Q: 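Got a structure here, written out as structure tokens. Questions coming.
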There are 2 protein chains.
Amino acid sequence: MSTIRDVAKEAGVSVATVSRIINGKGKVKKETEDIVKAAIEKLSYTPNKVAQGLSNQRSYSIGFVVPSMSNPMFPEIARGVEDVAQANGYQVFLCNTDGKREKLLGYLENFKSHYIDGIILNSHNVHHDDLEQLKQHNVPVVMVDRVLENSETTSIMVQNRKGGQMATQHLVDVGCQYIAHIGGLEGEYNATQRMWGYCDIVSGKPWFDQTWLGRGDFSVDTGYRVAKELFSRHPEVDGIFAGNDLIAIGVLKAAYEWGKKVPEELAIVGFDGIEMSGLTLPPLTTIEQPIYEMGTLAMTELLNHIEKKDVTVKRYELDVKLIREMRTKIDL
Amino acid sequence: MSTIRDVAKEAGVSVATVSRIINGKGKVKKETEDIVKAAIEKLSYTPNKVAQGLSNQRSYSIGFVVPSMSNPMFPEIARGVEDVAQANGYQVFLCNTDGKREKLLGYLENFKSHYIDGIILNSHNVHHDDLEQLKQHNVPVVMVDRVLENSETTSIMVQNRKGGQMATQHLVDVGCQYIAHIGGLEGEYNATQRMWGYCDIVSGKPWFDQTWLGRGDFSVDTGYRVAKELFSRHPEVDGIFAGNDLIAIGVLKAAYEWGKKVPEELAIVGFDGIEMSGLTLPPLTTIEQPIYEMGTLAMTELLNHIEKKDVTVKRYELDVKLIREMRTKIDL
DNA sequence: ATGAAAGCGCTAACAC
DNA sequence: GTGTTAGCGCTTTCAT
């Protein structure tokens, strides 16, 4: 690896001049610029990022923290983040916390000692204190698919409540009489909003009470387990709004084993629109979120903060869309 | 952020002493060590990784290059890599090439200027020249789930050919008469080995010829598309060995639409054992690879090379296992 | 317009 | 045992 000094020597100028040319800062005579560029070419020189980082107190890299990789949502968001990052000369550290707060803390610590320029967060283990600390260290943060209420942090969300309503209303529209919901964990904003959306539609119904509400984490296993409980508690159930697609897949599996025909005897609506939800038999009706775009938007916003182009705190609520109707009223 | 100098001042010693203590090198009196540790504690000091990197010409981070994130194999391998990395104080740069050589080259370039300590590669875009260059730069490389033939690089593979044989033999065992194979791309070692495994079993059969062989990339779409072609070309097909689970899922979908009952009329065997393959209806029979372990092993080997504990080039061929038989001979 | 030199935070040879 | 100091490769004031 050749260094800036080698280039300077080769071109017969000082390192300062070379540095100016690399960074396009300061004035340099066109003539010397050409000479230097030729030298750079000749030595196939690339600036050392680590040294640049030390000098600039920044790294041109950002951290993207996700709670898991087994939900395909995250790889897809990550693609969005990376595409924008790469186009702007940034590297992405993809960090998987496996849902453990200690891992999150480890990453956060690591970020500091790496001059990380910014962080995109999606972890329910984040506390207000963490964000406060990050703010103190001047590290911009954007949350994606997750918010911490009352925190001054830009967040990229979708219309979870409206999505929940749409899903549930769709079940009503296709003729379901008894509609249950299997949602995510108690404290999670997304999960709760979606549940409220469900409640908005069914709370007036005479049959409705708490026993139509199931909860668990956003996993296939939850869907499978809770659906079975539900089938034995309420054999009359004929529609389920699942809090996400993984749950919906679990429900589908449970229905199959229970001998309930989908969608004829049991209609299911998921949430997310992950690729896998279209590959089941039958393909799942679901509320599609703009997953990839959430990633690109998050990174774009983060860049705005890092480069101080726009440091206002925003809360996005992106549109969602019902896709792949399994069944229409006509089928009945 | 406090620096090593701050700690030195606080403890009334020199920076060298602090450095020694941080790195556990050289001799220090137990007494001064305690004082320094107290100072470190008090200032909540963490060594600056960037500065360490510049000084040591290394970064304690490694790159893991994957061709895609939509095959759940990779997130799972990545988990294995990360767990071992983290346990040993290394950071992992997860890099997705999206199957594009230019992206791969970009990452490789980036690695150099980041003092990356080692690289785990899985990209069919890697050429011999790339490995040669890396070797010249003294960057250890381990390939996972992929090899470059005649290259002196440690690689972690599974028994692809044997797996192919097992899959195909299983189809024979459960009574299939006409067994097709839908495999991966021409140049891919894995795909080819699995295909040969298939050929090992069927090449003697009177009905067998090239028309029972389909190819495409390792995706659901390939499985779906090629299976349909196959159904119209050979309506008598009653067993398909898919080159990987994604293809198998595509086949399943095609079979469903074509009205072929699985597994009664068409038996399917996949390859990989990704979680998704167990969630289909019916769950797919498949050749399970130790995915997570491939990750841990790759990282362990890479560490051996980085830390020069063991620099011999090895070629692992891990065992595979047939799981989730859909159907047994008895069913017939 | 260009160069000299200090400094980013840390490590390691060398001196005591 | 411990301290001094010269780098690691780059950026950036401050001169010129």
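Since we're looking at a predicted model, the values are computed, not measured. In what follows, every chain begins at residue 1, and chains take the letters A, B, ... in the order their sequences are listed.
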Q: For the backbone of Val144(A) and the side chain of Asn122(A), can you confirm whether one donor and one acceptor N or O come within less than 3.5 Å of each other?
A: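 Answer holds: yes.
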Q: To the nearest angstrom, how far is Gln52(B) atom CD from dG7(D) atom C1'?
A: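 About 16 Å, once rounded to whole Å.
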Q: Between Thr17(A) and dT2(C), does any side-chain N or O lie under 4.0 Å from OP1 or OP2?
A: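 No.
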Q: Using a 6.0 Å cut-off, check whether atom NZ of Lys112(A) has over 12 heavy atoms from anything other than its own residue.
A: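 Yes.
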Q: Can you find a side chain N or O atom of Ser14(A) that sits less than 4.0 Å from OP1 or OP2 on dA4(C)?
A: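 Indeed not, no polar side-chain atom of Ser14(A) lies that close.
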Q: Counting heavy atoms not belonging to Tyr292(B), are there more than 12 under 6.0 Å from its OH?
A: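 For Tyr292(B), atom OH is crowded (more than 12 foreign heavy atoms under 6.0 Å).
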Q: Taking the side chain of Lys29(B) as its heavy atoms from C-beta onward, which of dG1(D), dG9(D), dT11(C) lies nearest to it?
A: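 In terms of side-chain proximity for Lys29(B), the closest of dG1(D), dG9(D), dT11(C) is dG1(D).
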Q: How long is the line joining CD of Glu31(A) and C1' of dA1(C), in whole Å?
A: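 So the CD-C1' distance, Glu31(A) to dA1(C), works out to 12 Å.
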Q: Check this for me: Lys42(B), atom NZ, are more than 12 non-hydrogen atoms of other residues, nucleotides or ligands nearer than 6.0 Å?
A: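 Incorrect, the count does not exceed 12.
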Q: Just N and O in the side chain of Thr3(B): are any of them under 4.0 Å from OP1 or OP2 of dG9(C)?
A: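 False: Thr3(B) side-chain N/O out of range (4.0 Å or more) of dG9(C) OP1/OP2.
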Q: Any idea which of dC8(D), dC10(D), dT2(D) is nearest the Thr32(B) side chain?
A: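 So the side chain of Thr32(B) is nearest to dT2(D).
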Q: Looking only at side-chain N and O atoms, does Lys25(A) come under 4.0 Å of OP1 or OP2 in dT11(D)?
A: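 Lys25(A) to dT11(D) OP1/OP2: no side-chain N or O under 4.0 Å.
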Q: Arg58(B) has an atom CZ; how far is it from atom P of dC10(C), in whole Å?
A: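 Distance, rounded to whole Å: 17 Å.
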Q: Quick check: does any side chain N or O of Asp83(B) sit under 3.5 Å from a backbone N or O of Gly80(B), one acting as donor and the other as acceptor?
A: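 Flag not set: sc Asp83(B) to bb Gly80(B) has no pair under 3.5 Å.
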Q: For Glu76(B), is there an ion pair with Arg79(B) - N to carboxylate O distance below 4.0 angstrom?
A: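 Answer for the salt bridge query: yes.
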Q: Could you verify whether a donor N or O on one side chain and an acceptor N or O on the other, from Ser70(A) and Glu275(B), lie under 3.5 Å apart?
A: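 The criterion, which ignores hydrogens and geometry beyond distance, is not satisfied for Glu275(B) and Ser70(A).
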Q: Nearest-nucleotide wise, let me know which of Arg5(B) and Val13(A) is further upstream toward the 5' end of DNA chain C.
A: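 Residue closer to the 5' terminus by nearest nucleotide: Val13(A).
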Q: Please check the phosphate of dT11(C) (OP1 and OP2 only) for any side-chain N or O of Asn23(B) closer than 4.0 Å.
A: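 Affirmative; the distance criterion is met.
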Q: Once the angle between the rings of Phe93(A) and Phe93(B) is folded into 0 to 90°, is it parallel (under 30°), tilted (30 to 60°) or perpendicular (over 60°)?
A: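 It falls in the parallel class, under 30°.
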Q: For nucleotides 14-16 of chain C, list the nitrogen or oxygen atoms of the protein found under 3.5 Å from its nitrogen or oxygen atoms, one pair per line.
A:
none

Q: Rounding to an integer number of Å, can you tell me how far Tyr115(A) OH sits from dG9(D) C1'?
A: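 For the pair Tyr115(A) OH and dG9(D) C1', the rounded distance is 14 Å.
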Q: To the nearest Å, give me how far apart NZ (Lys49(A)) and P (dC8(D)) are.
A: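 Value for this atom pair: 21 Å.
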Q: Taking the side chain of Gln57(A) as heavy atoms from C-beta outward, which of dG9(C), dG3(C), dG9(D) is closest to it?
A: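 It is dG9(C).
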Q: Quick one: which of dT11(D), dC10(C), dT12(D) gets closest to the side chain of Tyr45(B)?
A: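 The answer is dC10(C), which lies nearest to the side chain.
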Q: Send over the distance from His114(B) NE2 to dC10(D) P, rounded to a whole Å.
A: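 For the pair His114(B) NE2 and dC10(D) P, the rounded distance is 13 Å.
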Q: Collect all protein-nucleotide pairs involving nucleotides 5-7 of chain C in which both atoms are nitrogen or oxygen and the distance is under 3.5 Å.
A:
residue	atom	partner	partner atom	Å
dG7(C)	N2	Ser55(A)	OG	3.3

Q: Does the side chain of Tyr60(A) pick up a donor-acceptor pair with the side chain of Asn88(A) at under 3.5 Å?
A: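 Note: Tyr60(A) and Asn88(A) side chains miss the donor-acceptor criterion.
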Q: If you assign each of Ser2(A) and Lys27(B) to its closest nucleotide in DNA chain D, which residue comes earlier from the 5' end?
A: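 Result of the comparison: Lys27(B).
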Q: Tell me: CG of Asp6(A) to C1' of dC10(D), nearest whole Å?
A: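 Result: 13 Å.
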Q: Whole angstrom is fine here: how far is it from CD1 in Ile21(A) over to P in dT12(D)?
A: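 Checked: the CD1 to P distance equals 15 Å.
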Q: Can you tell me which nucleotide in dG3(C), dT11(D), dA12(C) comes closest to the side chain of Asn56(A)?
A: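 Nearest to the side chain of Asn56(A) among the choices is dT11(D).
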Q: Of all heavy-atom pairs between Ala78(B) and Leu94(B), which one has the smallest distance, and what is that distance?
A: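 Looking at all heavy atoms of both residues, the shortest contact is CB-CD1, 4.2 Å.
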